[in-house]
There are 2 protein chains.
Amino acid sequence: MATRLERASEDLTAKARIRDAALRLFAEQGFEAATIRAIAAAAGVSSGLVRHHFGSKEALRDACDSFALERMIAIKEQAWVVGRLADPGFLASVYPSVLEYQRYVARSMVDGSSASAALFDQMVALTEQWAVAGRLPTTPADPRAFAAALVAMQSGLLMLHDHVSRALGADVLDAAGQIRLGNALVDLYSNPLLTAEQAAQARASYEQVRSRLVDGRADGDSGNDSGIGSDSDSDSGIEG
Amino acid sequence: MATRLERASEDLTAKARIRDAALRLFAEQGFEAATIRAIAAAAGVSSGLVRHHFGSKEALRDACDSFALERMIAIKEQAWVVGRLADPGFLASVYPSVLEYQRYVARSMVDGSSASAALFDQMVALTEQWAVAGRLPTTPADPRAFAAALVAMQSGLLMLHDHVSRALGADVLDAAGQIRLGNALVDLYSNPLLTAEQAAQARASYEQVRSRLVDGRADGDSGNDSGIGSDSDSDSGIEG
DNA sequence: CAGTGGACTACACAATCGTGTAGTCCGGCT
DNA sequence: AGCCGGACTACACGATTGTGTAGTCCACTG
């Protein structure tokens with residue numbers, strides 16, 4: 001199906017238009033907030049047709065998941081944006097449409113789609129094996145944690161793209177803003193944020209907390225801690 | 001009010017318990033998915049009491065926003081996590097409860113709270129002025145974009161904390177997982193991801209796209225681009 | 001002791017959600 | 001021509017949502 005037309009935005013199948021509208025509205029408003037009626041209106045069809053083509057709202061989400069996944073697999077094993085940043089011509093070939101799918105996937109990760117969890121793991125595994133492949137200037141000590149952090153952070157960039165755009169005064173999803181953000185990312189990825197001494201100091205701080213943890217107080221308060229309190233901490237801050 | 005008790009998780013005022021439950025459920029499920037009845041049940045009160053204390057769901061969200069903001073301002077100008085990472089003793093003094101508020105704020109940013117937008121800008125401004133203050137090994141070329149990207153990425157780490165935890169096999173919100181993630185972040189922040197040549201190559205690639213942009217085709221398709229298509233790209237990937 | 005105000009609950013209401021159903025339109029097949 | 005299946009719509013349904021209202025309980029004050 002949908003083999004007739006390849007591009008041509010309005011001449012798509014109604015089913016494809018519904019899927020595209022769902023992709024966009026799910027990404028923009030979240031799964032709960034995006035109603036079937038709003039999706040149908042955005043696609044220019046009746047709400048009943050959504051059900052006719054996709055059974056239920058959850059099935060529509062699944063269809064969006066697998067479609068976005070399929071479209072992103074086409075840009076295979078690029079380890080999110082990071083790995084391809086150094087590849088000239090990467091931008092022009094990729095970002096026109098795939099970024100939209102990445103945005104959807106990133107948003108669906110916080111909305112708790114089941115497919116997105118598997119996708120996250122897949123991207124982490126991909127990034128991990130990219131991290132240990134020796135293409136990085138320095139191979140991380142904990143590649144899995146490194147990869148998980150990197151994927152989550154990169155997803156945050158997409159999820160908060162409108163906030164980032166507002167802060168920059170340019171839409172980071174179109175070409176102009178993308179270039180500015182991309183350059184900033186190159187800056188961020190090519191220069192360390194911490195000096196070697198700072199890093200060693202931080203690691204020592206963690207080690208100190210860790211040893212205190214395995215020692216005495218297991219401190220097993222699980223989550224619903226007061227929240228009120230913890231005021232009398234040292235507020236000696238950054239300076240000094 | 002609520003000056004009686006300071007800690008003591010169950011002996012809190014009902015209003016405080018509602019706020020805490022809302023903070024948690026909003027962060028976990030999102031603003032739309034978290035119902036007033038679920039919040040009331042989590043707080044152990046009736047749903048009507050929520051309205052009695054906070055007027056409306058939006059007002060409850062505002063209360064959560066300002067409360068989380070107030071609690072985070074107490075950890076003033078630490079420029080998100082990054083700036084304090086090098087500060088020994090930072091972990092032990094901060095992360096027990098504040099992380100929950102950061103998690104809420106991060107989630108409210110994708111849910112579109114009005115206060116969270118202002119908070120994002122505030123954190124960007126803070127990070128920006130921290131970036132230009134010379135505390136970094138190398139001052140970024142575009143501090144604003146640098147700061148915006150950093151804040152968004154750090155927020156992504158919080159928003160996807162459960163995915164990160166699943167990938168790591170440890171809850172990154174408790175002490176043990178936090179240490180592992182923290183060390184990975186130190187690794188990520190203290191080592192560049194791109195070599196100088198790769199960075200230069202990427203910058204050249206961006207410049208090439210930029211010059212092609214200002215030249216001819218303004219390419220003003222605004223958003224509802226097909227999405228189907230863009231298939232015949234070069235898939236020459238990472239290697240080489 | 002009467003009264004008063006706030007914390008708190010039970011219940012009802014309108015709106016909106018996802019879903020179900022009946023029915024219309026139209027192109028392709030025998 | 002006859003018809004038959006899928007695309008598509010209009011409309012109705014329970015369920016759930018946020019919200020509104022009436023009323024109970026209790027601590028405190030005169």
Side-chain angles (χ1 to χ4, degrees), chain A residues 1-5 8-65 67 108 111-114 228, chain B residues 1-5 8-65 67 108 111-114 228:
Chain A
M1 49 202 70
T3 55
R4 192 85 53 88
L5 303 164
S9 43
E10 291 87 6
D11 303 312
L12 284 172
T13 310
K15 186 175 181 179
R17 268 185 294 132
I18 292 172
R19 169 181 37 68
D20 285 354
L23 237 1
R24 185 169 57 87
L25 290 183
F26 283 161
E28 287 178 358
Q29 310 175 2
F31 179 72
E32 300 284 341
T35 68
I36 286 188
R37 287 170 172 86
I39 292 171
V45 299
S46 74
S47 63
L49 190 61
V50 177
R51 169 169 176 79
H52 173 68
H53 280 303
F54 304 90
S56 71
K57 192 182 183 183
E58 200 71 34
L60 174 60
R61 197 230 292 253
D62 291 342
C64 290
D65 281 343
F67 178 78
S108 76
D111 284 340
S113 155
S114 59
I228 302 208
Chain B
M1 47 199 71
T3 57
R4 194 84 54 89
L5 303 163
S9 43
E10 292 89 6
D11 304 311
L12 284 172
T13 310
K15 187 174 181 179
R17 267 184 295 134
I18 292 172
R19 169 182 34 71
D20 285 354
L23 237 3
R24 184 170 57 88
L25 290 183
F26 282 160
E28 286 177 359
Q29 311 176 1
F31 179 72
E32 301 284 341
T35 67
I36 286 189
R37 286 171 173 83
I39 292 170
V45 299
S46 74
S47 65
L49 190 62
V50 177
R51 169 169 173 78
H52 173 68
H53 280 302
F54 299 95
S56 74
K57 193 183 183 183
E58 201 71 34
L60 174 60
R61 195 229 291 255
D62 291 343
C64 289
D65 280 343
F67 178 78
S108 75
D111 285 340
S113 156
S114 59
I228 304 207

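Note on naming: letters A, B, ... go to the chains in the order of the sequence lines (proteins, then strands), and numbering restarts at 1 for each one.
Expressed to the nearest 0.5 Å, how far CD1 of A:I18 lies from OG1 of A:T13 amounts to 10.0 Å.
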Taking protein heavy atoms under 4.0 Å as touching, what does nucleotides 22-27 of chain D look like 5' to 3' if B marks base contact, S marks sugar-phosphate-only contact and - marks none?
------

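If you check residues 53-62 of chain A against DNA chain C, the residues with a heavy atom closer than 4.0 Å are A:S56, A:K57, listed by number. Sorted by residue number, the members of residues 35-52 of chain B with any non-hydrogen atom under 4.0 Å from DNA chain C read B:R37, B:V45, B:S46, B:G48, B:L49, B:H52. The stretch residues 25-32 of chain B does not touch DNA chain C, since none of its heavy atoms comes less than 4.0 Å from the strand.
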Each nucleotide N or O in nucleotides 25-27 of chain C that has a protein N or O under 3.5 Å away: list the pair and distance.
none

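Judged as a salt bridge (Lys or Arg N to Asp or Glu O under 4.0 Å), the pairs with a partner in residues 53-64 of chain A (not counting sequence neighbours) are, in order, A:E58-A:R61. Pairs passing the ring pair (Phe, Tyr, Trp, His ring centres under 6.0 Å) check and including a residue from residues 37-62 of chain A, sequence neighbours excluded, do not occur.
For A:D111, the salt bridge (Lys or Arg N to Asp or Glu O under 4.0 Å) partners two or more places apart in sequence, or in a different chain, are A:R107, B:R107.
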Just distance, no hydrogens or angles: give the donor-acceptor pairs under 3.5 Å from side chains in residues 25-47 of chain B, sequence neighbours left out.
from	atom 1	to	atom 2	distance (Å)
B:T35	OG1	B:A38	N	3.0
B:S46	OG	B:L49	N	3.4

